[in-house]
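So the structure is just underneath, and the comments pick up after that.
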Number of protein chains: 2
Amino acid sequence: MAAIGAMPEIGGFRQKSRRSFVTLILTVLTSSQSILIVWSKRAGKYEYSVTTANFLVEALKCALSLVALLRIWRKDGVTDDNRLSTTWDEVKVYPIPAALYLVKNLLQYYIFAYVDAPGYQILKNLNIISTGILYQIILKRKLTEIQWAAFILLCAGCTTAQLNPSSDHVLQAPFQGWVMAIVMALLSGFAGVYTEAIIKKRPSRNINVQNFWLYVFGMIFNAFAIMTQDFDSVMNDGFFHGYSLITVLMILNHALSGIAVSMVMKYADNIVKVYSTSVAMLLTAVVSVFLFGFHLSLAFFLGSTVVSVAIYLHSTSKARR
Amino acid sequence: MAAIGAMPEIGGFRQKSRRSFVTLILTVLTSSQSILIVWSKRAGKYEYSVTTANFLVEALKCALSLVALLRIWRKDGVTDDNRLSTTWDEVKVYPIPAALYLVKNLLQYYIFAYVDAPGYQILKNLNIISTGILYQIILKRKLTEIQWAAFILLCAGCTTAQLNPSSDHVLQAPFQGWVMAIVMALLSGFAGVYTEAIIKKRPSRNINVQNFWLYVFGMIFNAFAIMTQDFDSVMNDGFFHGYSLITVLMILNHALSGIAVSMVMKYADNIVKVYSTSVAMLLTAVVSVFLFGFHLSLAFFLGSTVVSVAIYLHSTSKARR
């Protein structure tokens, strides 16, 4: 943040560098997130309750937004754009993304009846296409034909990079599995695009206030998830049962990358977010070679090549607009 | 051919439709070629000598070119552009492609010491890249950046479509194997691009005369191959030992697709040829599902998607020039 603050206030340049900065941060955080997951699985520590961890992530994001706001108030004073108080008209749409994610997370439990975990990883790439479609429909911003070609390549490239000998199972997944995967992709794409619509609706509004309200509803919905899914285990074993250093690091990472996602929505868009998380997926695989001695497959090289061409096409197409 | 003759002689349109026609024919012939190979392997009939078959392919192409020339002479009379006699200056470059292919075919015997057959199938896709590079260097025609992106995608997509669980072996191929694969890709790319240069050097020259001379040298070089590699078996068992109906069909098909390649070089270019044979590879796989009950893998779908986007990008980029 200091580096950006020191930059000259030349509108376009500053905006562009802020955009690149938040995108870079998101990529690094998403990548390290996956590495933490692999690490925690290797350490065999996964006995904490996921719902309590999710709740803490939302609470931490809320707290961090408040800290950022306190600093801004001290510096600039309280203005119309950075005051925490809000109108019903402004806040009424904020629960929607949190509710969509909740439904998606509930569906996640049921899809495993039809699709195995590696198959689900493959099907999750449908998110890329659903985000592109909903971005165009809901935000009414048009992707050029080349950008669409790039987006299809991004989806094909990411899937190729994740191929393994058992990936073909997914083609035999039952019809219900495919329907659920598509519904989940649409829910997740809709939640992302809707969040962007909320955040961009009032561009001058301080992002930390917008985040605060998003995360408040995130806390409420996750509290609901704890009560419905993990009430007994929390009552018997305690809220923090099974927590370890890795759990704390994962919560910290999730909170920071959640904030980075919001920043990308504010200063860039969902398309940039999808590219960023795709690159993070590839980065994770490369880093895992050094950290965990993983091997890179030929499919990974081919998929990475296709993703690189997709990024190139997207960026040249944007430059030409 | 009749369909083309009936078309109005509107320059650009006629040229474009002739271009599309020869490309389509090449795609269909290349595709059926692979299907014949699979069929002959399934029938367990592969005991004929490959060098004699190659010789007959060249001889048949020669004969077909002569028949076409006879018809043209009867219709238009003998002109400077369709006369068979030639100068040393014109004909001296014609042996070069045949010689290059001979060297490449000899190397093919040695590469299997380092790379297994499925690995070689994968490495053959390097041809696409080498053709693109040599096309630009030798024919001095520039591919746009988008066309290069499309060409890289074509290579990645074809390789992805051919992936199978054992493909990763190729990454462990020894250094010599990679060097030989690259040399073979360069030889094959060079032969293709050089043939185009020869054929395009004198655009008004009748293609059948050009083909005749190309194939005469093809016959000579293949006669040389019979003598060095299969002399004993031809002497003991006879020239046509092990020939079957499938062998005859394969020779016929190879001859026709050889002529189609020449036509594509004359009326289109090596880039179109590469796209055509890539599409043929995908077509073969789809047809094999129906003919032989093969299964299409997820990798095949992903690779086909990437190839389709590559074709789209190449064609829009051309339209914009």
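Here is how names work: the chains are called A, B, and so on, in the same order as the sequence lines, proteins then strands, and each is numbered from 1.
At a cut-off of 3.5 Å, with distance as the only test, no side-chain donor of A:Thr277 or A:Thr30 sits close to an acceptor on the other residue.
Proximity to chain B (any heavy atom under 4.5 Å) is restricted, for A:Val309, to the side chain, taken from C-beta onward. When heavy atoms are compared at a cutoff of 4.5 Å, A:Ser297 approaches chain B by way of both its backbone and its side chain. With a threshold of 4.5 angstrom between heavy atoms, A:Leu296 approaches chain B through N, CA, C or O but not through any side-chain atom.
Both tests hold for A:Arg18 against A:Tyr267: distance to the six-membered ring centre under 6.0 Å, angle to the ring axis within 45°.
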Could you please spell out the steps behind the ring-ring contact (aromatic ring centres under 6.0 Å, His included) verdict for B:Tyr275 and B:Phe151?
-> CA-CA 9 Å; B:Tyr275 275 99; B:Phe151 228 51; 5.8 Å; yes
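With respect to chain A, the highest number of heavy-atom pairs below 4.5 Å among B:Thr305, B:Val170, B:Asn164, B:Val306 belongs to B:Val306.
The nearest pair of heavy atoms linking A:Ala181 to A:Leu126 is CB-CD1, 4.3 Å.
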